[in-house]
Amino acid sequence: MAQLTVLGPRDWADGVAQRLAERLRREPRLRLCLPTGDTPSPVYERLVALNREGLAPFGQATIVLLDEYVGLPPDDPARCDARLRRELLDLLEPGPVTFHAISVDELAPDAAAEAHDAVAAEGLDLALVGLGLNGHVGFNEPGSTADSPTRAVDLAGESRRAATARYGAGAEPTRGITLGMARLLNATDVWLLVSGAQKATILQRTLVGPISADCPASLLRGHPRLRVLTEEGATAKLS
Ligand code: PGA
């Protein structure tokens, strides 16, 4: 059973950040998978503030990136590694934390996926993930199953369009690399972050609909320690 925590629009980002900060204080050597996107951005802003107050110690943590585009240059604004550095990692004191980006510039996609999987295979204490409008988790697009490995994938139309329309990519990417559902389901804890009324339908499908590859996020319900941290606006279709 997923543990559902609903927070008001003004409290959500801070509430998530406070919970993560508390976990870091308890477990400073946390191995943490982090996503990028519009959902986590305000959480990272709050985490930076907490870090400045000495309340979010990242100095000994290991950060493993959830996913990355293939084919975007390193300085593209949509690049997941650059965005995580810009919004969080570069702003933390003390730094640097150990950060495992995905080697899309250095390696061919399959080799980059394999190398990243080896990092994740050392264990993840906590995986934070967002919820795609199509139910994807990372770039585990619809059709992904609970045993999907870390791999290079064709991006779904929603993901391609989001890269340009919402994240400012200079060209529409068609491929990505993602930690697989299998790795995410192997993390000790999984926190699904959800905010905004536009996520109400997919959150309802995720939590109440059939557990199915059609909505990969629903597969997270098979995780014994899934925590859903959602902003109130996204819960409109949950009864
Ligand atoms: P978003 O993306 O946080 O920008 O809405 C979530 C996702 O696609 O995983």
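Both counts, for ligands and for their atoms, begin at 1 and track the order of listing. Count residues from 1 along the sequence. All of these numbers come straight from a predicted model, not from anything done at the bench.
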Undergrad: How close does the nearest protein non-hydrogen atom get to atom 5 (O) of ligand 1, and which residue and atom is it?
TA: K199 NZ, 2.7 Å

Undergrad: Would you check the N or O atoms of T36, main chain and side chain alike, for any that come under 3.5 Å of an N or O of ligand 1?
TA: no

Undergrad: Just one of D110, N140, D117, T178 clears the side chain to side chain donor-acceptor pair (under 3.5 Å) bar with R151, so which one?
TA: N140

Undergrad: Considering heavy atoms of the protein only, find what lies nearest to atom 3 (O) of ligand 1 and give residue, atom and distance to 0.1 Å.
TA: T39 OG1, 2.5 Å

Undergrad: Atom 9 (O) of ligand 1: which protein heavy atom is closest, and how many Å away?
TA: H136 NE2, 3.3 Å

Undergrad: Tell me the contacting part of L131 for ligand 1: side chain, backbone, both, or neither, using a 4.0 Å heavy-atom threshold, strictly below.
TA: backbone

Undergrad: Any cation-pi pair here, R83 with Y167, using under 6.0 Å and within 45°?
TA: yes

Undergrad: Got L185 and L220 here, is their nearest side-chain heavy-atom distance under 4.5 Å?
TA: yes

Undergrad: Of all the atoms in ligand 1, which lie at a distance below 4.0 Å from a heavy atom belonging to Y167?
TA: 1 (P), 2 (O), 4 (O)

Undergrad: With a 4.0 Å cut-off on heavy atoms, is Q198 touching ligand 1?
TA: no

Undergrad: Got more than 12 heavy atoms from elsewhere within 6.0 Å of CZ, R25?
TA: yes

Undergrad: For the pair E93 and R52, find out whether any cationic side-chain nitrogen is under 4.0 Å from an anionic carboxylate oxygen.
TA: no

Undergrad: I need the nearest protein heavy-atom contact for atom 1 (P) of ligand 1: residue, atom name and distance, please.
TA: R166 NH2, 3.3 Å

Undergrad: If you count the non-hydrogen atoms of other residues, nucleotides and ligands that lie under 6.0 Å from CD in E158, is the total more than 12?
TA: yes

